[in-house]
Protein chains: 2
Amino acid sequence: MPAYHHGNLRATLLAAAERSLRRDGADRLSLRDLAREAGVSHAAPRRHFPDRQALLDALAESGFARLDQELRAALAAAGEEFGPRLHATAVAYLRFATEDSALLELMFTRKHREGADRLVAAAAEPLGLMPGLIAQGQAQGVLEPGDPQRVGIVLFATLQGIATLVNGGLMAPELLDGIVEIAVDQFIRGSRRR
Amino acid sequence: MPAYHHGNLRATLLAAAERSLRRDGADRLSLRDLAREAGVSHAAPRRHFPDRQALLDALAESGFARLDQELRAALAAAGEEFGPRLHATAVAYLRFATEDSALLELMFTRKHREGADRLVAAAAEPLGLMPGLIAQGQAQGVLEPGDPQRVGIVLFATLQGIATLVNGGLMAPELLDGIVEIAVDQFIRGSRRR
DNA sequence: CATCTTTGTTGTCAGTGCCTACTTTGTTTT
DNA sequence: AAAACAAAGTAGGCACTGACAACAAAGATG
């Protein structure tokens with residue numbers, strides 16, 4: 001570790017920020033704190049993140065990347081059948097979404113600012129998985145035909161909403177498994193081939 | 001208007017806070033700003049709100065009250081039939097939820113703090129409307145029997161999730177009406193009497 | 001009228017994000 | 001190899017914030 005040039009300050013800051021976010025939420029995350037923790041001066045982070053929001057955006061972006069990974073892993077582990085695949089995806093998403101509520105919030109609420117193109121692009125990746133799943137269900141003849149995009153949005157929204165309720169303390173986490181079951185069943189029944 | 005005693009500072013502050021929240025979001029809301037706007041000293045708000053979070057909580061609470069009003073109004077205006085009633089509720093909720101995204105966020109994300117009992121109680125009011133609706137659908141023979149509570153959660157979650165997607169810029173607002181349609185149809189089909 | 005409570009005021013403190021100017025280090029060019 | 005340059009740190013300052021304490025005015029209460 002060199003004295004002056006830290007070497008990988010950016011990564012160090014991001015790691016510390018991730019911990020801070022999870023523990024205390026985005027509001028309490030302080031750049032100066034992170035700098036202290038990394039052992040650099042208070043202005044050093046500025047070289048890597050033009051402002052606080054940029055740091056938060058980077059966290060959100062890496063969140064989407066991790067979400068994408070986890071969803072793909074869940075899908076890969078599930079079999080070929082549509083029902084189980086859908087169920088596995090739902091469970092994986094909710095695990096991710098309820099495990100770090102501050103991160104989820106960061107990922108899904110753009111705070112009154114324009115052009116977070118990079119973020120939207122990162123979000124498109126995992127969100128694009130849904131329509132794919134739907135299309136597969138349609139191809140297998142389980143679901144009725146229709147625009148996979150629109151149907152996928154509704155499905156995803158349901159999962160996202162459940163996560164919001166749990167994270168907001170409006171629904172007990174113990175109920176999660178049961179609710180997911182209901183949601184998935186209801187979705188399949190609601191759009192299966194007539 | 002008396003010179004020293006403002007008379008209704010609390011209400012004045014809340015009104016200004018509501019505007020500020022809607023325009024700039026909770027992050028940028030500044031107590032000192034509100035005080036300036038109300039023409040009082042920077043420490044005056046402290047007499048009415050012990051700290052910043054208390055002010056935000058009050059905003060969220062009044063948000064739930066207004067939501068409750070609007071949902072009830074929508075239900076009252078709808079007829080007796082279950083389908084239209086459900087649709088009206090969904091539309092009313094999404095109108096509320098997408099009209100002031102910062103408020104919605106405030107209402108549904110408790111920021112790492114315990115015992116916001118008052119808030120949870122305020123939330124229970126409008127959220128309790130859902131199971132009631134479901135029960136009615138069951139009584140009318142449109143929906144299959146089952147725990148209205150659990151089914152209601154899924155329904156509400158779907159709406160909440162749609163709002164999150166719109167507010168987060170991940171779904172175009174123009175698609176809203178169409179998506180609501182799909183969501184409601186799918187819900188009814190998914191849990192109607194077999 | 002005297003007293004007490006409520007609701008203001010002023011002043012202070014630690015902390016923050018952002019900015020500018022300067023310094024050190026590593027890289028590239030001549 | 002020396003010189004020029006870019007990248008990545010440091011130091012200090014600024015305006016601003018929320019919270020706190022001590023005090024003052026106004027109103028309510030005995």
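These values consider heavy atoms only, across backbone and side chains, with no hydrogens, waters or symmetry-generated copies. The structure displayed is predicted, hence computed values, not measured ones. The sequence lines fix the lettering, A, B, ..., with proteins before strands; numbering per chain opens at 1.
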Donor-acceptor pair under 3.5 Å, [X] side chain vs [N] base:
{"X": "B:R47", "N": "C:dG8", "value": "yes"}
{"X": "A:R32", "N": "C:dG15", "value": "no"}
{"X": "A:H42", "N": "D:dG12", "value": "yes"}

What nucleotide, of [options], holds the atom closest to the side chain of [X]?
{"X": "B:A43", "options": "C:dT9, C:dC18, D:dT10", "value": "C:dT9"}
{"X": "A:D33", "options": "D:dA19, D:dA11, C:dT16", "value": "C:dT16"}
{"X": "B:V40", "options": "C:dT9, C:dC19, C:dG17", "value": "C:dT9"}

Carboxylate-amine/guanidinium proximity below 4.0 Å for B:E37 and B:R19: yes
B:E81/B:R85 ion pair, N-O < 4.0 Å: no
Phosphate OP1/OP2 of D:dG18: any B:S30 side-chain N/O under 4.0 Å: yes
Phosphate contact (C:dC19 OP1 or OP2) by A:R46 side-chain N/O below 4.0 Å: yes
[X] [atom1] to [N] [atom2]: how many Å, rounded?
{"X": "B:H48", "N": "C:dT9", "atom1": "NE2", "atom2": "C1'", "value": "13 Å"}
{"X": "B:L34", "N": "D:dC16", "atom1": "CG", "atom2": "P", "value": "16 Å"}
{"X": "B:R36", "N": "C:dT9", "atom1": "CZ", "atom2": "P", "value": "13 Å"}
{"X": "B:D51", "N": "D:dC20", "atom1": "CG", "atom2": "P", "value": "8 Å"}
{"X": "A:R28", "N": "C:dG15", "atom1": "CZ", "atom2": "C1'", "value": "14 Å"}
{"X": "A:D27", "N": "C:dG17", "atom1": "CG", "atom2": "C1'", "value": "14 Å"}
{"X": "A:L13", "N": "C:dG17", "atom1": "CG", "atom2": "P", "value": "12 Å"}
{"X": "B:L29", "N": "D:dG18", "atom1": "CG", "atom2": "C1'", "value": "12 Å"}

Closest-nucleotide ordering on DNA chain C, the 5'-leading residue of A:R52 and B:L9: B:L9
Derivation of the salt bridge (Lys or Arg N to Asp or Glu O under 4.0 Å) call for A:R194 and A:E144: CA-CA 7 Å; A:R194 325 189 187 219; A:E144 64 183 349; 3.5 Å; yes
Side chain to side chain contact (heavy atoms under 4.5 Å, CB included), paired with B:P148, selected from B:I134, B:L155, B:L143: B:I134
Sugar-phosphate, base or nothing in reach of A:L55, heavy atoms under 4.0 Å: nothing
Test log, rule ring-ring contact (aromatic ring centres under 6.0 Å, His included), inputs B:F187 and A:F187: CA-CA 7 Å; B:F187 172 78; A:F187 172 78; over 10 Å; no
